[in-house]
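Here is the structure we will look at, set down as structure tokens.
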Amino acid sequence: MPSPLPRPPTRRAALRLIVGCTALAMSPLAGLAQTGPVGQPLKIATIGAGREGGALGTLFVKAGHPVMFSSRHPEQLKDLVAGLGPLAQAGTVAEAIAFGEVVLLVVPYPAVPEIGKEYASALAAKALVIDVSNPIARRDGEDIVKWVDEQGGAGLATAKALPGAHLVRAFNAIGSARLAELAHRPGEPAGIPIAGDDQNALALAARLIKEIGFEPVVVGGLAMGKYLVPGTPLAPVHTPEEIRQIAATLK
Ligand SMILES: NC(=O)c1ccc[n+]([C@@H]2O[C@H](COP(=O)([O-])OP(=O)(O)OC[C@H]3O[C@@H](n4cnc5c(N)ncnc54)[C@H](OP(=O)(O)O)[C@@H]3O)[C@@H](O)[C@H]2O)c1
């Protein structure tokens with residue numbers, strides 16, 4: 001774990017340092033889950049602040065990070081942010097992307113390629129985009145689910161929609177209503193299976209997931225994102241060890 005910096009660095013320099021040092025400490029890949037919190041607050045943006053985006057952003061505020069919640073209707077997020085204190089604010093999607101060092105993408109899946117068309121290059125400049133979005137046929141339609149399948153599943157499809165983004169899939173099957181109760185639960189932490197191809201992004205995601213009270217478990221690259229959706233063996237809440245055992249049976 002990196003030691004405290006001798007003098008306050010710029011936020012960008014601090015982020016590079018955190019990511020770099022955490023990455024050094026995280027080989028082999030499975031060891032990522034051991035990456036500990038570093039403590040430097042990071043500006044976090046949520047694209048989508050409904051049930052899941054609202055609940056996840058709330059956990060990050062409670063962990064001490066400034067969070068900008070966003071949607072196409074930021075005026076509807078006033079009550080959410082008012083209840084969370086000075087670390088929380090609401091904005092447009094563009095404002096949130098400009099604000100965040102880390103972005104949580106928590107939207108119905110058809111919005112992912114839409115967002116990519118407008119914001120892919122801005123998102124590619126972020127150290128980490130956590131993709132929580134799932135393609136669900138009954139909600140999103142068969143066409144998008146077919147397109148996602150053709151790309152090799154949700155992880156690779158999001159990578160296609162957001163070229164260059166440092167993506168990690170996470171939190172895809174933990175219901176919004178259970179997030180607060182499972183965070184920092186007594187005894188063994190709840191495991192969060194995560195998948196990504198970028199080791200620095202995985203390390204940063206692991207740090208943030210631990211800070212909000214879960215245990216990240218890297219299950220593989222973005223191709224494994226196809227299992228990080230509701231209805232797969234990894235979807236129910238598991239201990240970290242259970243996730244490792246289940247992931248070993250999947251390819
Ligand atoms: N709910 C859960 O328990 C849960 C758990 C795990 C994963 N997920 C996944 O998380 C995603 C969101 O689910 P949810 O239940 O939170 O949905 P939700 O309550 O309906 O919220 C969706 C959010 O996305 C925003 N949004 C929709 N289209 C957008 C666009 N084109 N650009 C920007 N923002 C857009 C909506 O705001 P505006 O309409 O105001 O723009 C809203 O804030 C889904 O993919 C879901 O499968 C949900």
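Every number for a ligand or one of its atoms is a count from 1 in the order of the listing. Count residues from 1 along the sequence.
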Next item on the list: Quick one: closest heavy-atom pair of V237 and R185, and the distance?
Entry: CG1-NH1, 4.1 Å
Notebook entry, point to check: So is A111 polar-close to ligand 1, meaning N/O to N/O under 3.5 Å?
Noted result: no
Margin query: Please list, in number order, the atoms of ligand 1 under 4.0 Å from a heavy atom of G175.
Written below: 3 (O)
Next item on the list: Grab the two heavy atoms, one from G57 and one from V67, that are nearest each other, plus how far apart they are.
Entry: O-CG2, 3.8 Å
Checklist line | Heavy-atom nearest neighbour in the protein, as seen from atom 18 (P) of ligand 1, with distance rounded to 0.1 Å | finding: R51 NH2, 3.8 Å
Margin query: Go through it in stages, so that I can follow the logic: the residues are S70 and T92, the test is side chain to side chain contact (heavy atoms under 4.5 Å, CB included), and I'd like the CA-CA distance, side-chain angles, deciding distance and then a yes or no.
Written below: CA-CA 5 Å; S70 78; T92 62; 5.9 Å; no
Notebook entry, point to check: Of the backbone atoms (N, CA, C, O) and the side-chain heavy atoms from C-beta on, which set of R72 has a member under 4.0 Å from an atom of ligand 1: side chain, backbone, both, or neither?
Noted result: both
Next item on the list: List the closest protein heavy-atom neighbour of atom 22 (C) of ligand 1: residue, atom name, distance to the nearest 0.1 Å.
Entry: P108 CD, 3.8 Å
Notebook entry, point to check: Under a heavy-atom criterion of less than 4.0 Å, does R139 contact ligand 1?
Noted result: yes
Check: Considering distance alone, does some N or O of V107 sit under 3.5 Å from an N or O of ligand 1?
Finding: yes
Notebook entry, point to check: With sequence neighbours left out, what residues match E95 under salt bridge (charged side-chain N to carboxylate O under 4.0 Å, His left out)?
Noted result: none
Check: Among all protein non-hydrogen atoms, which one is nearest to atom 48 (C) of ligand 1, and what is the separation to 0.1 Å?
Finding: E52 CB, 3.6 Å
Check: Can H65 and E211 be counted as having a side-chain donor-acceptor contact under 3.5 angstrom?
Finding: yes
Next item on the list: Would you mind running through ligand 1 and noting each atom that sits below 4.0 Å from a heavy atom of N172?
Entry: 6 (C), 7 (C)
Item checked: Qualifying salt bridge (charged side-chain N to carboxylate O under 4.0 Å, His left out) pairs, either residue in residues 149-161, two or more places apart -> K146-E150
Notebook entry, point to check: So is there a nitrogen or oxygen of S71 less than 3.5 Å from a nitrogen or oxygen in ligand 1?
Noted result: yes
Margin query: Is it the case that the side chain of D143 and the backbone of G141 share a donor-acceptor pair, with hydrogens and angles ignored and the cut-off at 3.5 Å?
Written below: no
Notebook entry, point to check: Counting from 1, what ligand 1 atoms have a heavy atom of S133 closer than 4.0 Å?
Noted result: 45 (O)
Next item on the list: List the closest protein heavy-atom neighbour of atom 43 (O) of ligand 1: residue, atom name, distance to the nearest 0.1 Å.
Entry: A49 N, 2.9 Å
Next item on the list: Indicate yes or no: does an N/O atom of S70 lie under 3.5 Å from an N/O atom of ligand 1?
Entry: no
Notebook entry, point to check: So, does H166 use its side chain to make a donor-acceptor pair with the main chain of V129 at under 3.5 Å?
Noted result: no
Notebook entry, point to check: Do the ring planes of F214 and F171 sit parallel (below 30°), tilted (30 to 60°) or perpendicular (above 60°)?
Noted result: perpendicular
Check: For ligand 1, which atoms have a heavy atom of V93 less than 4.0 angstrom away?
Finding: 33 (C)
Note to self: Tell me whether S176 has any N or O atom under 3.5 angstrom from an N or O of ligand 1.
What the structure shows: yes
Check: atom 31 (N) of ligand 1: which protein heavy atom is closest, and how many Å away?
Finding: E114 OE1, 3.2 Å
Item checked: Nearest-contact summary for atom 8 (N) of ligand 1 - protein heavy atom, Å -> N134 ND2, 3.8 Å
Notebook entry, point to check: Quick one: nearest non-hydrogen protein atom to atom 9 (C) of ligand 1, plus distance?
Noted result: V132 O, 3.4 Å
Checklist line | Nearest-contact summary for atom 40 (O) of ligand 1 - protein heavy atom, Å | finding: H73 ND1, 2.7 Å
Next item on the list: Please indicate whether any nitrogen or oxygen in G50 is less than 3.5 Å from any nitrogen or oxygen in ligand 1.
Entry: yes
Margin query: List ligand 1 atoms under 4.0 Å from G48, heavy atoms only on the residue side.
Written below: 23 (C), 24 (O), 25 (C), 43 (O)
